[in-house]
Amino acid sequence: MENKLKFYNTLSRKVETVIPNEDGKIAMYTCGPTVYHFAHIGNLRSYIMEDVLEKTLRYLGYDVKRVMNITDVGHLSSDADTGEDKMLKGAKREHKTVMEIAKFYTDKFFEDCEKLNIKKPDVVEPATNCIDDFIHMIEVLLEKGYAYQAGGNVYFDTSKLEDYYVFSSQSEKELLVGVRDDVEEDANKKNKNDFVLWFTKSKFEDQALKWDSPWGTGYPGWHIECSCISMKHLGEYMDIHCGGVDNIFPHHTNEIAQSESYTGHKWCNYWFHVQYLNDKSGKMSKSKGDFLTVSLLEEKGYDPVVYRMFCLQSHYRKPLEFSYEALDNVKSAYVKLIKRIQELKEDGTVEQEKFQEYKERFENELCNDLNTAMAITVVYDLLKADMNDATKRALMEDFDRVLSLNLLTATVEEANTGVDAEMEAYILQMIEERKAAKKEKNFARADEIRDTLLEKGIILEDTREGVKWKKA
Ligand code: AMP
Ligand code: ZN
């Protein structure tokens, strides 16, 4: 098939046409979340844009297999293998076991994804499922001389590689971005950037999950999981690997070091990285404590799909600053868009030539380094275009395979309030009941209704124009 999609490959530092290893097939891997807390909307920006990439590939006709890991062990507070295990931190915070925390936040993550219309990857694999695979890869790396034991841990020896800094256009400063909370150096390391493959000794002796290994009871490092999990499901050759830009160093650099030392050949051809979502104080991150979640946006009355559109209107390679003002602008644009689409009539037959013309325009925008903002412009253009409503509706349905903005299914109410039709009907019914109760001077019942709605996050306001409701 014809390969048309181009995007910026961090590895070659060029916008390149994606040519898969096997014609028509794409092996794609995404670094999954560390499930010790809710995902913030910054994390979800990365997953939204990766979802658009996957759906674009499918739209173009590729057979995509996408794999995602779930990090439920081994990710320490600093990406440079120091500090406390993030999962343990979460368990302590909530007085639960690590596995309870992992299950709870994995489920929450996929609930958020569903609300944002992010497709679940074909394979989702928690790291704790694959301990034997990690041990095997570490054994091979030791045998081949790429790893060494020191102070009870096993380390990868970065000095054994000719080109460890594969993403080397990154300046030293940028390379340090991934080392979030840089703590003290580990004296066991032979070289500054050596990293842990297997821990048996860490400062935090109360590590909850441990497994037997040839090097003693312990737990895997963070980076090894992605090398192993991707190979387990995609084999030794991969087409596209995705993540946020903070994954470039050290995580993805270390994944390449391990995987290529293990196989002895090039591993992944294309690296797709999404820039940060920032707030006023800089990069949104979980360690800052106060972070924005999808639930919070919903509580404030936003349909999560509005946040998806907010992300799509900006290029994935540019930092994006979040503000409620900016989100409000997108919300009103989305409501207007849905209103206009709803006005389209359902009769008539599709005008094939026009359909193809606009489909091609849409495809070209996406193929041009995933220009989602311009792809949305095509949606607006077609609404103004000289073609019948049936063609317009057919195009909306077709484009929504990638955009996933519920273009044909959203109601104006939903777009406006983030409340679905069933909930809205319930609220309106309760308002009517309250009116009747008041008329009968049954104020206790009226108050009860107000309280019941408040518990569901809905506030009633008595205004001169009647009763109004809003999300709490
Ligand atoms: P984590 O759960 O910390 O392992 O991160 C999950 C994903 O979110 C990774 O791909 C990160 O690179 C990405 N990520 C983290 N912070 C941000 C941010 N502020 N904006 C965009 N992506 C981010
Ligand atoms: Zn990874």
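Atoms within a ligand are numbered from 1 in the order they appear, just like the ligands themselves.
- In summary, of the residues considered (F38, Y36, Y47, F104), a ring-ring contact (aromatic ring centres under 6.0 Å, His included) with F109 occurs for Y47 alone.
- Residue G244 has at least one heavy-atom neighbour below 4.0 Å for each of these atoms of ligand 1: 10 (O), 12 (O).
- Listed by number with element, the atoms of ligand 1 under 4.0 angstrom from any heavy atom of K283 are 16 (N), 17 (C), 19 (N).
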Donor-acceptor pairs under 3.5 Å, side chain of residues 57-64 to any protein atom, not counting sequence neighbours: which ones?
from : atom 1 : to   : atom 2 : distance (Å)
R58  : NE     : E54  : OE2    : 3.0
R58  : NH2    : E54  : OE2    : 2.8
R58  : NH2    : V64  : O      : 3.2
R58  : NH2    : D122 : OD2    : 3.2
Y59  : OH     : K359 : NZ     : 3.2
Y59  : OH     : D398 : OD2    : 2.4
Y62  : OH     : N3   : OD1    : 2.6

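- Below 3.5 Å of separation, one finds no N or O of G243 facing any N or O of ligand 1.
- In the vicinity of S46, heavy-atom distances shorter than 4.0 Å reach the ligand 1 atoms 13 (C), 21 (C), 22 (N), 23 (C).
- A donor-acceptor contact closer than 3.5 angstrom links the side chains of D239 and N21.
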Are W211 and F134 close enough, and set up right, to give a ring-ring contact (aromatic ring centres under 6.0 Å, His included), and what steps lead you there? CA-CA 11 Å; W211 295 265; F134 306 157; 8.5 Å; no

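- At a threshold of 4.5 Å between non-hydrogen side-chain atoms, the residues L297 and T293 do not count as touching.
- For the pair V274 and ligand 1, no heavy-atom separation below 4.0 Å is found.
- Side chains of N254 and Y164: a donor-acceptor N/O pair is present below 3.5 angstrom, by distance only.
- Distances shorter than 2.8 Å separate the Zn ion (ligand 2) from the protein N/O/S atoms C31 SG, C226 SG, H251 NE2, E255 OE2.
- Close contacts of ligand 1 with H40, meaning ligand atoms under 4.0 Å from a residue heavy atom, involve 16 (N), 17 (C), 19 (N).
- In terms of the salt bridge (Lys or Arg N to Asp or Glu O under 4.0 Å) criterion, E100 has no residue partners (sequence neighbours excluded).
- For T71, the closest heavy-atom approach to ligand 1 does not fall below 4.0 Å.
- At a heavy-atom distance under 4.0 Å, only backbone atoms of Q275 (N, CA, C or O) approach ligand 1.
- Counting only N and O atoms by type, the side chains of H252 and H273 include a donor and acceptor under 3.5 Å apart.
- Between T34 and ligand 1, at least one N/O pair is under 3.5 Å apart.
- Interface of P33 with ligand 1, defined as ligand atoms under 4.0 Å from a residue heavy atom, comprises 2 (O).
- With sequence neighbours left out, Y237 forms a ring pair (Phe, Tyr, Trp, His ring centres under 6.0 Å) with H265.
- In terms of polar-atom proximity, Y276 is not counted as a contact of ligand 1, lacking any N or O under 3.5 Å from an N or O of the ligand.
- Which parts of ligand 1 touch N247 is read off a 4.0 Å heavy-atom cut-off, strictly below it: atoms 9 (C), 10 (O), 11 (C), 12 (O).
- For the residue pair N9/E16, the side-chain donor-acceptor check at 3.5 Å is satisfied.
- In this structure, a donor-acceptor pair under 3.5 Å is absent between the side chains of S404 and N406.
- Residue Y47 has no nitrogen or oxygen atom sitting less than 3.5 Å from a nitrogen or oxygen atom of ligand 1, judged on distance alone.
- Polar contact with ligand 1: present for G42 (N/O pair, distance under 3.5 Å).
- Distances between N or O atoms of M284 and those of ligand 1 include at least one value under 3.5 Å.
- M238 and Y29 make their closest contact through SD-CB, 3.4 Å (heavy atoms, listed as atom of the first residue, atom of the second, distance).
- Put simply, the side chain of R308 reaches to within 4.5 Å of the side chain of D51, judged on heavy atoms.
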